[in-house]
Amino acid sequence: MRLLRQELKINRKTFMIWLLCIAFCSVGCIVLYHSLEDSVKELADSYSNMGAMSQAIGMDKLSLATMEGYYGTEIAIVFNLGVAMFAALIGIGMLSKEENGHTAEFLNALPVSRVQIYFEKYAGLLIMIVLFNLIQVVLNYITIVWMNQMFDIDIFVKYHIAAVLMQVEIASVCYMISAITKRTLLGAGLGFAILMFGLEMMCRIIPAIEDAKYITPFYYCNAADIFSSGKLDTTLLGIGCGVTVISIIIGVLAYQKKDIAA
């Protein structure tokens, strides 16, 4: 468990910076809604008739005139992209940073197998994602209750469960890349998260690429879908979990055979 504790210690600053930034944005947006509630209600109908743009961000399903609609569109979009970028950033550098920092020789000289190294570091990745989301959810919930704008807690929880699974999938793919490559490809990790986010928006607007929803994990954690239907898409969630498992397996096999530079 030494490696697990070390990873949590090394990434604590990155964790806190991203936590504070996203918490500021999400909590700030909730407070902003309270102060602009009357103005938002006047604009709700206009925003719901913006055609393809309304479909992309879910305003054709939810109304900005309610806190539920505002949270499921405006806040959820910012939250999803922010936490996905955080998960990608942590995942992409977890293993490859050892070669970049020339600490791989010391790490592999320890009396632990590569499999143990792989899974202890991955456990650290999961702990950071879960802890990050728990803090965010508690802060958002407290702010909503404080503003007297509470809505169905069951839907709120379902959305955030889907968001965690999305982050784990993105982090797992990036972790797999980290196990294969010799360099820390931070740009590739962040680019992957942004690409999946953009793909989800596009496949809602362009019917010809609608099947892309089976590729991007952002589709099954779309808050507008969850808030309007009250349920999760188990098919897409299953595909996402499958991608996560496959990424873990490919990653550990590649890391065991990898020629690690000192």
Side-chain angles (χ1 to χ4, degrees), residues 1-30 75 78-143 160-161 163-179 181-194 197 217 221 244 247-248 251-252 255 260:
M1 300 298 287
R2 183 182 301 175
L3 289 176
L4 171 59
R5 291 194 298 270
Q6 183 67 12
E7 282 301 326
L8 295 177
K9 182 178 179 181
I10 290 173
N11 288 289
R12 68 183 185 279
K13 289 184 179 179
T14 301
F15 179 90
M16 288 304 302
I17 290 171
W18 278 85
L19 178 66
L20 291 173
C21 289
I22 297 177
F24 176 79
C25 291
S26 57
V27 171
C29 285
I30 296 172
I75 297 175
V78 174
F79 181 80
N80 279 352
L81 182 58
V83 292
M85 291 174 67
F86 166 74
L89 181 68
I90 297 296
I92 201 71
M94 192 71 82
L95 290 170
S96 57
K97 72 173 184 287
E98 302 293 350
E99 292 181 83
N100 268 8
H102 304 289
T103 56
E105 183 178 12
F106 170 76
L107 179 63
N108 285 276
L110 297 175
V112 291
S113 66
R114 288 195 182 184
V115 173
Q116 183 177 344
I117 293 172
Y118 184 91
F119 282 108
E120 279 203 42
K121 283 177 171 283
Y122 186 74
L125 176 62
L126 293 181
I127 289 173
M128 282 186 279
I129 290 174
V130 172
L131 183 60
F132 191 99
N133 280 271
L134 281 175
I135 296 172
Q136 289 287 338
V137 168
V138 170
L139 288 175
N140 288 0
Y141 181 79
I142 289 175
T143 306
H160 281 286
I161 289 174
V164 170
L165 294 175
M166 175 271 289
Q167 295 161 53
V168 171
E169 181 179 349
I170 287 179
S172 298
V173 172
C174 290
Y175 191 71
M176 175 190 69
I177 296 172
S178 180
T181 60
K182 292 182 177 295
R183 295 186 300 163
T184 303
L185 305 176
L186 296 180
L190 293 176
F192 174 70
I194 295 171
F197 176 79
C221 76
T244 298
S247 298
I248 294 171
V252 71
Y255 191 66
I260 299 177

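Side chains included, hydrogens not; waters and symmetry mates left out as well; all remaining heavy atoms used.
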Dump the intermediate steps for side chain to side chain contact (heavy atoms under 4.5 Å, CB included) on Phe15 and Leu131, then the final yes or no.
CA-CA 10 Å; Phe15 179 90; Leu131 183 60; 3.9 Å; yes
Roughly how far, to the nearest 0.5 Å, is the CG atom of Asn11 from the CD1 atom of Ile90?
4.0 Å
Within-4.5 Å side-chain heavy-atom neighbours: Phe197 and Met85
no
List for me each residue that meets side chain to side chain donor-acceptor pair (under 3.5 Å) alongside Tyr118, sequence neighbours excluded, and say none if there are none.
none
Can you give me the closest heavy-atom contact between Leu185 and Thr181, atom names plus distance?
CD1-CG2, 3.8 Å
For residues 82-91, which residue pairs qualify under side chain to side chain donor-acceptor pair (under 3.5 Å), counting only residues two or more places apart or in two chains?
none
Of all heavy-atom pairs linking Ala171 and Ala87, the shortest is CB-O, 3.7 Å
So, the side chain of Ser178 versus the backbone of Cys174: is there a donor-acceptor pair under 3.5 Å, distance only?
no
In terms of relative ring orientation, are Trp18 and Phe86 parallel, tilted or perpendicular, with 30° and 60° separating the classes?
tilted
Do Cys221 and Leu165 have side chains that get closer than 4.5 Å, going by heavy atoms?
no
Compare every heavy atom of Ala88 with every heavy atom of Gly189, then report the nearest pair and how far apart it is.
O-CB, 3.3 Å
Nearest atoms (heavy-atom pairs only) where Ser26 meets Gln136
OG-OE1, 3.5 Å
Let's go through Ile10 and Gln6 carefully: what are the C-alpha distance in whole Å and the side-chain angles of both, what is the deciding distance for side chain to side chain contact (heavy atoms under 4.5 Å, CB included) to 0.1 Å, and is it a yes or a no?
CA-CA 6 Å; Ile10 290 173; Gln6 183 67 12; 3.7 Å; yes
Between Ile127 and Glu7, does a side chain to side chain contact (heavy atoms under 4.5 Å, CB included) hold up when you go through it step by step?
CA-CA 10 Å; Ile127 289 173; Glu7 282 301 326; over 6 Å; no
Where Ile22 and Gly82 come nearest, the two heavy atoms and their spacing
CD1-C, 3.4 Å
Kindly determine whether Phe119 and Ile248 satisfy side chain to side chain contact (heavy atoms under 4.5 Å, CB included), including the steps that lead there.
CA-CA 9 Å; Phe119 282 108; Ile248 294 171; 3.8 Å; yes
State, with a plain yes or no, whether a side-chain heavy atom of Met16 is found less than 4.5 Å away from one of Lys13.
no
Can you see which heavy atom on Gly124 is nearest to which on Leu8, and at what distance?
O-CD2, 3.8 Å
Taking atom types as modelled, is there a side-chain donor on Tyr122 or Ser172 under 3.5 Å from an acceptor on the other?
yes
